[in-house]
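What follows is a single structure, written as structure tokens, with notes after it.
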Amino acid sequence: MSGEPNTGHHAWIGLGSNLDGPREHVARALDELERLPLTRRVAASRLYASRPMGPADQPDYVNAVAHLVTRLSPLALLDQLQALEQRHGRVRGRRWGPRTLDLDLLLYDDRRLTLPRLTLPHPEMARRAFVLVPLVELAPSLALDGTPLARLAAELESQDLAPVLPTGG
């Protein structure tokens with residue numbers, strides 16, 4: 001991103017995949033987030049494995065969270081994220097079904113939005129360990145409606161979530 005490295009809006013993106021090499025989809029998407037227009041990736045969490053939230057007849061997920069600084073508006077960023085999903089072969093089938101790549105705009109500064117295409121903060125994030133644990137890893141001081149995300153994450157520790165171990169090489 002041109003200009004000052006820290007100018008722009010802070011956006012937090014949840015990444016998930018459970019099809020066709022999910023670890024590779026998430027790792028590649030983390031790299032591709034760096035190349036979005038007017039956007040710089042500041043940090044990325046470790047990869048985590050989690051059980052599916054929706055139908056149980058699908059593989060486990062690989063999840064991560066990325067912190068971006070962007071000059072894009074929330075909807076322009078959402079458009080870029082959905083285009084990236086499409087480049088990864090995302091097919092929108094059943095709700096909470098399997099996918100090659102899922103990118104969720106979790107937070108955008110402290111903005112609150114309720115639009116047909118986008119709600120900020122993400123309405124489900126406080127109930128999802130696979131979002132909160134990697135988000136707290138990157139930003140332990142963040143809060144949602146005055147509640148520290150670290151406390152919300154600790155309350156969800158019983159959900160099946162484990163760091164993905166690096167592959168040898």
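Bear in mind that the values here come from a model prediction, so they are computed numbers and not experimental data.
Note that CG of L138 and CZ of R46 are 10.0 Å apart. Values are rounded to the nearest 0.5 Å. Annotation: the span from Y61 atom OH to R99 atom CZ amounts to 4.0 Å, rounded to 0.5 Å. Summarising the geometry, atom CZ belonging to F130 is positioned 10.5 Å from atom CG belonging to L156; distances are rounded to the nearest 0.5 Å. Atom CZ of R28 is separated from atom OG1 of T100 by 9.0 Å, given to the nearest 0.5 angstrom. From E32, atom CD reaches atom CG of L81 across 11.5 Å, with rounding to the nearest 0.5 Å.
For V164 against Y48, the heavy-atom pair with the smallest separation is CG2-C, 3.5 Å. Nearest approach of Y108 to S73, heavy atoms of both residues: OH-CA, 3.7 Å. Among all heavy-atom pairs drawn from A29 and L84, the shortest one is O-CD2, 4.2 Å. For the pair P134 and A129, the tightest heavy-atom approach, listed with the atom from each and the gap, is CD-O, 3.6 Å. Taking both residues in full, the closest heavy atoms of R127 and P123 are given as NH2-O, 3.5 Å, listed atom of the first, atom of the second, then distance. For the pair L68 and L33, the tightest heavy-atom approach, listed with the atom from each and the gap, is CD2-CB, 4.1 Å.
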Expected list for residues 144-154: side-chain donor-acceptor pairs under 3.5 angstrom, two or more places apart:
unit_1, atom_1, unit_2, atom_2, d
D145, OD1, R112, NH2, 2.0

Go through E34 and R40 one step at a time and tell me if the salt bridge (charged side-chain N to carboxylate O under 4.0 Å, His left out) criterion holds.
CA-CA 5 Å; E34 180 72 35; R40 181 174 62 87; over 6 Å; no
Q82 vs R117, test: side-chain hydrogen bond (donor to acceptor under 3.5 Å, both in side chains). Steps then yes/no.
CA-CA 11 Å; Q82 289 178 342; R117 293 182 52 216; 3.2 Å; yes
side-chain hydrogen bond (donor to acceptor under 3.5 Å, both in side chains) between H10 and D109, intermediate numbers included:
CA-CA 5 Å; H10 292 266; D109 292 333; 5.4 Å; no
Taking it one step at a time, do R41 and R35 satisfy side-chain contact (heavy atoms from CB on, under 4.5 Å)?
CA-CA 8 Å; R41 192 186 80 210; R35 295 189 289 278; over 6 Å; no
Check against side-chain contact (heavy atoms from CB on, under 4.5 Å), T7 and V69
CA-CA 7 Å; T7 60; V69 173; 5.9 Å; no
Determine whether S50 and N63 satisfy the following criterion, side-chain hydrogen bond (donor to acceptor under 3.5 Å, both in side chains), listing intermediate values before the conclusion.
CA-CA 7 Å; S50 66; N63 298 99; 2.6 Å; yes
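Taking hydrophobic clusters as Ile, Leu, Val, Met, Phe, Trp and Tyr residues chained together by side-chain heavy-atom distances below 4.5 Å, M53 does not share a cluster with L19.
By the neighbour-count criterion of 12 heavy atoms within 6.0 Å, atom CG of D79 is densely surrounded, having more than that number from other residues, nucleotides or ligands.
With sequence neighbours left out, the side chain to side chain contact (heavy atoms under 4.5 Å, CB included) criterion links V26 to L15, S17, L30, L47, V62, A64. In this structure, A143 has no side chain to side chain contact (heavy atoms under 4.5 Å, CB included) partners at least two apart in sequence or on a different chain.
Not a single donor-acceptor pair under 3.5 Å links the side chain of T70 to the backbone N or O of H9. Of the possible polar contacts, none joining the D104 side chain to the I13 backbone as a donor-acceptor pair under 3.5 Å is found. A donor-acceptor pair is defined here as one N or O able to donate and one able to accept, closer than 3.5 Å; no such pair exists between the side chain of D60 and the backbone of A49.
Taking 4.5 Å as the limit, some side-chain heavy atom of P37 sits within range of a side-chain heavy atom of Q80. You'll find the side chain of L135 stays beyond 4.5 Å of the side chain of S45, heavy atoms only.
Ring planes of H88 and H25: tilted class, angle from 30 to 60°.
Tested against L120 for a side chain to side chain contact (heavy atoms under 4.5 Å, CB included), the candidates L115, T114, L107, L105 yield a single pass: L105.
No donor-acceptor contact under 3.5 angstrom links the side chains of T39 and R71, judged on distance only. For the residue pair R51 and Q58, no side-chain donor N or O sits within less than 3.5 Å of a side-chain acceptor on the partner.
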